[in-house]
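Below is one structure, written out as C-alpha cells; the observations come after it.
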Amino acid sequence: MKNWIPNNWVRPLTAIFVGAAITLGSLGASSTEALAQSKGSRIRQSIQRLKQSERRWIQVDLSEQKLVAWRGRSPIYSMRVSTGRRKDPTLTGVFNIQSKHRKARMRGEDYDRKNVPSVMYYDGSYGIHGAYWHNSFGTPVSRGCVNLRPRLARALYSWASIGTPVVVHR
C-alpha cells in the first residue's frame, strides 16, 4: 500500500498533533476551573437573592456538615447532618425539592434501607432524609444524600414543601 504522507512530514505532523492535544487539554482544565468558579458564583448569588426574599429555603454547608432552614434571612432550623463520603459525594448546586415521601425504600449496590423516614428528593435520587442506621451526624458517611436525625428530618419535612430551594455548597 502506498504511503500518502511523505516520511519527512510525519515528525512535524506528529509534533503539531501532540501540541494541539496538549493545548486542548490545558484549555479543558482552565475551562473546568472557570466552570467551578461560575458555579460557586451562581450559588453565592442564589443565596443573596433568597436572603432578600421571604421564601423558605434550605442551605446545606458541606464543609460544616450543617443544614440551615431559612425564611428569607431568618434562620428557622439549624442541624448537624451527614453528607456524602469522598467516593460518594453530595452534589453542590442550587436545586428544588422535587418530591416528598413520608417513608421510602432506598437501594443501591451495597445497601437496602426500608422505611427511610421523611424523604425529600431534590435532584434525582439525591435527597434530604432521616437516618436511623447511624449516629455519625457531623461526619460525611452517606452515599450522597443529606442525612438527618429522624426527629429533625420530620420537622424539616413538615416545614418544607415541593419547590423549596435547596442550596448545597462547600
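In this chain, numbering begins with 1 at the start of the sequence shown. Only this structure's heavy atoms are used, side chains among them; waters, hydrogens and symmetry mates stay out.
- Pro165 places a side-chain heavy atom less than 4.5 Å from the side chain of Arg55.
- Atom CG of residue Asn96 and atom OG1 of residue Thr164 lie 8.0 Å apart, to the nearest 0.5 angstrom.
- Atom CZ of Arg107 sits about 13.0 Å away from atom OG of Ser125, to the nearest 0.5 Å.
- The neighbour count for Arg85 CZ, taken as heavy atoms of other residues, nucleotides or ligands under 6.0 Å away, is above 12.
- Ser142 places a side-chain N or O within donor-acceptor distance of the main-chain N or O of Cys145, the cut-off being under 3.5 Å.
- For the pair Ala160 and Ile97, the tightest heavy-atom approach, listed with the atom from each and the gap, is CB-CD1, 3.8 Å.
- Within a 6.0 Å radius of NZ in Lys100, other residues, nucleotides and ligands contribute more than 12 heavy atoms.
- Note: Arg80 CZ to Glu64 CD = 7.0 Å, rounded to the nearest 0.5 Å.
- Distance CZ/Arg170 to OG1/Thr90: 8.0 Å, rounded to 0.5 Å.
- Using a distance-only test at 3.5 Å, with no hydrogens or angles considered, no donor-acceptor pair links the side chain of His101 to the main chain of Lys103.
- Leu152 and Tyr157 fall within a single hydrophobic cluster, where Ile, Leu, Val, Met, Phe, Trp and Tyr are joined by side-chain heavy atoms under 4.5 Å apart, directly or via other members.
- Note: Leu156 CG to Arg56 CZ = 10.5 Å, rounded to the nearest 0.5 Å.
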Intermediate values then yes/no, side-chain contact (heavy atoms from CB on, under 4.5 Å), His169 and Val60: CA-CA 6 Å; His169 64 88; Val60 178; over 6 Å; no

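- Residues Lys39 and Thr92 meet the side-chain proximity criterion, which asks for heavy atoms closer than 4.5 Å.
- Heavy-atom minimum distance, Val116 versus Gly130: CG1-O, 3.5 Å.
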Residues Gln98, Ile162; criterion side-chain contact (heavy atoms from CB on, under 4.5 Å); working and verdict: CA-CA 6 Å; Gln98 298 171 347; Ile162 292 176; 6.0 Å; no

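- Shortest non-hydrogen contact noted between Lys66 and Val81 is N-CG2, 3.6 Å.
- Minimum interatomic distance between Pro140 and Gly84 (heavy atoms only, all atoms of both residues): CB-O, 3.3 Å.
- Side chain of Ser82 to backbone of Asn147: no donor-acceptor contact under 3.5 angstrom is found.
- Listed by first and then second residue, the side chain to side chain donor-acceptor pair (under 3.5 Å) pairs that reach into residues 112-121 are Arg105-Asp112, sequence neighbours excluded.
- Formation of a donor-acceptor pair under 3.5 Å by the Gln65 side chain with backbone atoms of Phe137 is not found in this model.
- Under a hydrophobic clustering in which Ile, Leu, Val, Met, Phe, Trp and Tyr are joined whenever their side-chain heavy atoms come within less than 4.5 Å, directly or via other members, Trp70 and Leu50 fall into the same cluster.
- Formation of a donor-acceptor pair under 3.5 Å by the Lys51 side chain with backbone atoms of Arg71 is not found in this model.
- Taken together through direct or relayed side-chain contacts under 4.5 Å among Ile, Leu, Val, Met, Phe, Trp and Tyr, Trp57 and Tyr122 form parts of separate hydrophobic clusters.
- Atom CZ of residue Arg149 and atom CE of residue Met79 lie 11.0 Å apart, to the nearest 0.5 angstrom.
- Note on Tyr126 and Ile58: same hydrophobic cluster, where clusters join Ile, Leu, Val, Met, Phe, Trp and Tyr whose side-chain heavy atoms are under 4.5 Å apart, directly or indirectly.
- Both Trp159 and Val166 are members of a single hydrophobic cluster when ILVMFWY side chains are connected at heavy-atom separations under 4.5 Å.
- Inter-residue side-chain proximity for Leu148 and His129 is flagged as unmet; no heavy-atom pair is nearer than 4.5 Å.
- Among the candidates Leu62, Ile43, Leu91, the single residue satisfying the side-chain contact (heavy atoms from CB on, under 4.5 Å) test with Val168 is Leu62.
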